[in-house]
Amino acid sequence: MGIPLIQKVRVGAYVGKKRFGSNGNGRFSLALMLEPLFRCNLACIGCGKISYPEEILKKRMSPEECMGAIEECGAPVVCIAGGEPLLHPQISEITEGLVARKKFVYLCTNALLVQKRIHEFTPSPYLTFNVHLDALKDHHDARVGRKGVFENAVKAIGLLVSQGFRVTTNTTLFKGETAESAGQLFDLLASLQVEAMTIASAFRYENAPDQEHFFNRDEAIQLFRSIFLAGRGRNWRFNHSALYLDFLEGNQNYACTPWGNPTRNIFGWQKPCYLIDDGYEPTYRDLMKNTEWSKYGAGRDSRCTHCMLHSGFEPTAVIDSARNPLKALRVHLRRNRP
Ligand code: SF4
């Protein structure tokens with residue numbers, strides 16, 4: 001298994017075309033971060049997305065607004081996040097519309113409602129359920145604030161895989177996790193036949209209830225090195241480019257590319273990225289034109305100091321891979337040496 005060839009070819013062709021075209025300033029989007037609602041059925045202590053008042057939590061983007069967002073930005077990949085997308089009554093209609101436009105959709109979910117709503121979806125190479133699992137049972141349930149969530153997610157993965165859906169997982173690492181505990185989780189996920197795993201070191205949201213369990217950048221690099229070393233010869237597939245994984249190990253010196261994964265939610269287009277909220281623009285074009293992109297990144301904005309998140313740095317790595325394919329191949333081969 002692994003990311004299907006059709007996705008690699010289509011995204012690769014898109015990046016190749018944009019490298020020589022783009023919108024005149026070299027900026028283009030690889031993945032749209034779509035947040036059609038902020039309401040969630042959990043209250044994870046590291047989350048900065050769900051602390052809005054009730055009048056905001058009851059708002060939702062309509063399917064028409066979601067289609068408008070992808071038509072505007074044109075990215076080949078859409079990550080539907082939130083909030084919990086499966087709480088949106090029209091989520092299957094939104095997903096179907098994106099799949100019909102041949103967008104690769106990652107539906108990010110805590111999996112609590114998978115069993116109830118799975119019948120609304122049809123397996124497709126364009127649709128992936130991306131299940132949130134941060135740690136092994138006790139740690140995961142503690143972080144999401146409810147017992148049984150881990151076991152439910154594991155069952156949901158089995159159900160989705162058995163019905164022919166693409167399934168990936170999303171793991172955010174907080175202090176308290178080690179290479180050993182992360183390795184046990186990844187062994188389990190590999191045994192469940194998930195297609196690939198997304199990993200990140202947690203971003204310190206200013207309004208998240210938990211402000212203590214974040215790695216700084218050096219600590220995160222040390223942990224990623226230990227995890228990847230332990231993973232040699234084990235059947236782990238990560239949902240990232242080889243150069244991004246190399247960046248996580250501290251071997252690539254990258255600046256972030258926040259415009260590569262723009263965020264659209266109920267307020268509009270969020271400046272500058274999925275993680276920081278410095279206001280909104282009404283259109284994608286306005287976001288690209290009016291955001292002072294040079295203000296952001298490590299050394300420029302204190303909120304960015306320890307950020308290594310895929311939403312900011314995977315686009316950098318993908319663009320680097322397109323510009324330097326031999327370097328990308330060398331890193332890929334080095335990383336996959338037995
Ligand atoms: S470094 Fe991270 S938080 Fe800062 S702009 Fe880039 S993606 Fe956003």
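Atom set for the values below is all heavy atoms of this structure, side chains included, hydrogens, waters and symmetry mates excluded. Counting convention: from 1, in listed order, for ligands and their atoms alike. In this chain, numbering begins with 1 at the start of the sequence shown.
At least one test fails for Arg234 against the ring of Phe228: distance under 6.0 Å to the centre or angle within 45° of the axis.
Inspection of the environment of atom 8 (Fe) of ligand 1 yields the following protein N, O or S atoms under 2.8 Å: Cys273 SG.
Remark: Glu120 pairs with Arg117 by the salt bridge (charged side-chain N to carboxylate O under 4.0 Å, His left out) rule, at least two apart or across chains. Scored by the ring-ring contact (aromatic ring centres under 6.0 Å, His included) test, His306 finds no partners at all (sequence neighbours excluded).
Lys289 and Glu281 are not joined by a salt bridge, as no carboxylate oxygen comes within less than 4.0 angstrom of a charged side-chain nitrogen.
A donor-acceptor pair shorter than 3.5 Å can be found between the side chains of Tyr280 and Gln270.
When hydrophobic residues (I, L, V, M, F, W, Y) are linked wherever their side-chain heavy atoms come within less than 4.5 Å, the members clustered with Val9 are Leu5.
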